[in-house]
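Below is one structure, written out as structure tokens; comments come after it.
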Amino acid sequence: MTQTKQPVVFVVSVLHLLRLSRSCGPPPERQINLSNIRAGALARRAAQGQPDVKDTPDEPWAFQAREFLRKKLIGKEVCFNVEIKTALGREYGMVYLGKDTTGENIAESLVNEGLATVRREGIRGNNPEQARLCELEDQAKASKKGMWSEGGGTHTIRDLKYTIENPRNFVDSLHQKPINAIIEHVRDGSVVRALLLPDYYLVTVMLSGIKCPTFKREADGTESPEPFAAEAKFFTESRLLQRDVQIILESCPNQIILGTILHPNGNITELLLKEGFARCVDWSMAVYTQGAEKLRAAERSAKERKIRIWKDYVAPTANLDQKDRQFVAKVMQVVNADAMVVKLNSGEYKTIHLSSIRPPKNEGEEKNKDKDKRFRPLYDIPYMFEAREFLRKKLIGKKVNVTVDYIRAATGPGESTPAFSERTCATVTIGGIYKCSSAIKNGKGLHSKKEVPIHRVADISGETQKAKQFLPFLQRAGRSEAVVEHVFSGSRLKLYMPKETCLITFLLAGIECPRSARNMPGGMQVAEPFSDQAMLFTKELVLQREVEVEVESMDKAGNFIGWLHIEGVNLSVALVENALSKVHFTAERSPYYKTLVSAEEQCRQRKEKIWANYEEKPVEEVVHLSEEKERVPNYRPVFVTEISDNLHFYAQDVETGAQLETLMETMRAEIAAHPPVEGSYSARRGDYCLAKFADGEWYRARVEKVESPAKVHVFYIDYGNREVVPSTRLAAMPPAFGTRTLPAQATEYTFAFIQVPLDEDARADVVDCIVRDIQNTQCMMNIEYSGASCPHVSIQFGDTKEDVGLGLVKEGLVMVDVRKEKHLQKIVTEYLNSQESAKSARLNIWRYGDFRADDADEFGYRR
């Protein structure tokens, strides 16, 4: 018989597990079964994947027997002897509480309390210990203790709940209040299985804010521990296994219950970090309720001592100079809730990520709620806008103190995670203030239980029809408040209008700013000199600042044009004063014209930046040129392909006609050789594609609107006509036939010097006449002046060289649109004389005289 003194670590059923100490590493386990007695079996869950097998409930008084032993033995010193060892290696013996066999006999205590029965079939009469067990059992029966009491013990069977239907609601219902529990199993240092009391929920809990080394399951079913995984598991087992604890269930992301385990002797989360058995993890630290700064401090202590998992640790900022580790910078942009762009004293820009926090993000099932709607993280992710605004109002334009905590290395893309570039993670303070966890403790923002705020922000950038609806309101509003969300170039910005809750594209009025590089249908447009400097100037002055705007008008693309003011500074004037922009002639009508011209003249004289190569021309030469300036026509041959009801028309350049024919022949041959799969193309607004016209041939087109797969509005880019077709008549455009190979050949124009009558019948007569005379014919065209939506041109018949517009005036079908430009006065006079002749002859619209006599501008007519 062997006698050994050992500490009990784990007890199951009668006495399931003992730990034997050794000099290093976790001590080995040893299981001792108490001789000559039997206790009830605890409940057991059915094996996963076997639907026919049911869960086994507790036997009566089994849990009470386990609890009797747990409370009596856990953490206590015991002594045991082994009486029998079976062929399978199972050991049977007696266990005594204390240092020797004079202590309390555990088997006798169980029998005496009526929590175990004696195996009388193996009793030998001459064994006093066995006789003593029988005597105690008879006394328990007589006293009706435990399982010998009346009623059968059904009330002692637990209603164990292995699963929770809605874990998130369950966690939220507890309101982060401590709940009593028993730790039933330790999977690894930071994951345990707990029995929640008094309702007997058996749940797996992951410690918030940390992660310990784990045991990886191999393909053959075996487990291989990561370094220090076994030590971390024993560290947690020796302190928590089968102990009475309190657990705060803090969150439940993706069905994983996060919590903190409270024990009278300390917080296991902090102890694991301090002893080098765990590392901090940002994604779950955000919900930790006991103070995230304590976890960081504990981890820092282990790193400094280089113990266990940190034995080879090298501080990520060890190679940084002191000036790169701590510095003062100016906040230029808040990227999102955890990142910002700062400007160093050297003028360099640097992106900083805030340490230990993560921005709000979408929960799994909410991400794909509306796949047809364009996802905008700033407005669609709950509390992202509030978080960004909090930082923007606090920090933008301010100087802050930055302390680099660590540098996160770049990571490649995973199966479900994107690639991330290297990140500089730092603590940012302003005025010595740094708040990190008070919002969680006080239940603010995304930690509150209030209804999630919804931001319905209309993005009308590039939406011409929506922009037209907003324009009158913005014009009447005078100066409106706005926030600059993005800077595209020195004079082109995206604004958020808080009062109107919309996003608009805004162009600065009165100036001509150097254009940045951009993709065009014909290829990449090269950036103009000083375009980058102009954009940087605008960014530093207004990006993410609160400004005031005066909207004057809008262009054909739905962009608003006006003046932008920030703290009394007119941005248009500021750009001109810094020699980064020129004054545009449209500024003549504005009250800022004199200021703009004066600023431009000063920069021109100093020959700064865009004026560096400026050479002033003699006044006499300018006067001479202006006196001699006359209309110089430059007619070129075009082929008119389409005429619309508003008298706009589309034409192709005859010079590039051969190129178009060659491209169409090659494209159709390619399609004939490799026909597109019907229905395989998914149309999206703005995409270039191929469309099968009514004649059965394929043409290049652009998608203008998608009502449904059966109704797709397309515009034929080489001919100017439009059509509604099903998606089965569309195909993807091969790059070899795209607009980079040959730009769209149909260009929109309208007639110069004429005004179409508003009367529908009169308008129809004009359109019919034009269609009959010039559609699908070659004409000569000259561009006279620019318009809001397209150039205004004069057209001559290809054979007779007669002016088509002038012919319409002579026939009394249209009116003259009087232009004030000096170089156009000669041709305008010719048009007016022809109009007077038509009026005298009472032709067509003049048959009842001059209907414009009342000069009624409200009816759309003007002399």
**Message:** Would you say that Trp310 contacts Glu304 through its side chain, given a criterion of any heavy-atom pair below 4.5 Å between the two side chains?
**Reply:** no
**Prompt:** Does Arg70 come within less than 4.0 Å of Glu67, counting only side-chain N to carboxylate O?
**Reply:** yes
**Request:** Please work out whether the ring planes of Tyr201 and Phe170 are parallel, tilted or perpendicular, with thresholds of 30° and 60°.
**Result:** tilted
**Request:** Find the distance between CZ (Arg308) and CD (Glu275) and round it off to the nearest 0.5 Å.
**Result:** 5.5 Å
**Message:** I want to check something: taking the side chain as every heavy atom from C-beta on, are Phe228 and Lys311 in contact at a cut-off of under 4.5 Å?
**Reply:** yes
**Request:** Would you please test Arg243 and Ile183 for side chain to side chain contact (heavy atoms under 4.5 Å, CB included) and show each step?
**Result:** CA-CA 6 Å; Arg243 308 297 176 101; Ile183 304 302; 5.7 Å; no
**Fill in**
Rounding to 0.5 Å, atoms CG (Leu271) and CD1 (Ile210) come to a distance of 10.0 Å
**Asked** What residues form a side-chain contact (heavy atoms from CB on, under 4.5 Å) with Thr154, not counting sequence neighbours?
**Response** none
**Request:** Keeping to residues at least two apart or across chains, list the ring-ring contact (aromatic ring centres under 6.0 Å, His included) pairs with something in residues 131-157.
**Result:** Trp61-His155
**Asked** Going from CG on Leu73 to OG on Ser109, what distance comes out if it is rounded to the nearest 0.5 angstrom?
**Response** 9.0 Å
**Prompt:** Gln290 and Thr260: side-chain donor and acceptor closer than 3.5 Å?
**Reply:** no
**Request:** Inspect the surroundings of NZ in Lys161 and state if more than 12 heavy atoms from other residues, nucleotides or ligands are less than 6.0 Å away.
**Result:** yes
**Request:** Please check if any side-chain donor atom of Gln246 sits under 3.5 Å from a side-chain acceptor atom of Asn180, or the reverse.
**Result:** yes
**Criterion side chain to side chain contact (heavy atoms under 4.5 Å, CB included) against Ile32, the qualifying member of Val78, Asn81, Val82** = Val82
**Residues that Thr222 engages under side chain to side chain donor-acceptor pair (under 3.5 Å), provided they are two or more places apart** = Asp220
**Request:** Might you point out which heavy atoms bring Ser251 and Val287 nearest each other, and give the distance in Å?
**Result:** CB-CG1, 3.7 Å
**Item:** Carboxylate-amine/guanidinium proximity below 4.0 Å for Arg38 and Glu59
**Value:** yes
**Item:** CZ/Arg305: more than 12 non-hydrogen atoms of other groups inside 6.0 Å
**Value:** yes
**Request:** Taking all non-hydrogen atoms of both residues into account, name the closest pair between Glu184 and Leu202 and its distance.
**Result:** CG-CD1, 4.0 Å
**Residues Glu226 and Lys216 bridged, charged N to O under 4.0 Å** = yes
**Asked** Is any side-chain heavy atom of Leu133 closer than 4.5 Å to a side-chain heavy atom of Glu108?
**Response** yes
**Asked** Do Arg239 and Phe235 meet the cation-pi criteria used here (NZ or CZ under 6.0 Å from the six-membered ring centre, within 45° of the axis)?
**Response** yes
**Message:** For the residue pair Thr403 / Asp405, report whether a side-chain donor-acceptor contact shorter than 3.5 Å exists.
**Reply:** no
For residues 262-270, please give each side-chain donor-acceptor pair under 3.5 Å, one per line with the distance, not counting sequence neighbours.
unit_1: His263; atom_1: ND1; unit_2: Asn265; atom_2: N; d: 3.0
unit_1: Asn267; atom_1: OD1; unit_2: Thr269; atom_2: N; d: 2.9
unit_1: Asn267; atom_1: OD1; unit_2: Thr269; atom_2: OG1; d: 3.4
unit_1: Asn267; atom_1: ND2; unit_2: Tyr288; atom_2: OH; d: 2.9

**Fill in**
In terms of heavy-atom contacts, Cys212 and Gly189 come closest through SG-C, 3.6 Å
**Prompt:** Minimum heavy-atom separation for Pro213 to Asp188, with atom names?
**Reply:** O-CB, 4.0 Å
**Asked** Listed by chain and number, what are the ring-ring contact (aromatic ring centres under 6.0 Å, His included) partners of Tyr92, not counting sequence neighbours?
**Response** none
**Complete:** Applying side-chain contact (heavy atoms from CB on, under 4.5 Å) to Glu129 and not counting sequence neighbours gives Glu83, Met94, Tyr96, Asn127
**Request:** Evaluate whether atom CD of Glu223 has more than 12 neighbouring non-hydrogen atoms of other residues, nucleotides or ligands under 6.0 angstrom away.
**Result:** yes
**Prompt:** More than 12 heavy atoms of other residues, nucleotides or ligands under 6.0 Å from CZ of Arg45: is that the case?
**Reply:** yes
**Prompt:** With a 4.0 Å cut-off, would you call Asp58 and Arg66 a salt bridge?
**Reply:** no
**Message:** I need the minimum non-hydrogen distance between Ala116 and Ile37, along with the two atoms involved.
**Reply:** CB-CD1, 4.2 Å
**Asked** Salt bridge or not for Asp282 and Arg296, using N-O below 4.0 Å?
**Response** yes
**Request:** Search all heavy atoms of Ala181 against all heavy atoms of Leu196 and return the closest pair with its distance.
**Result:** CB-CD2, 3.9 Å
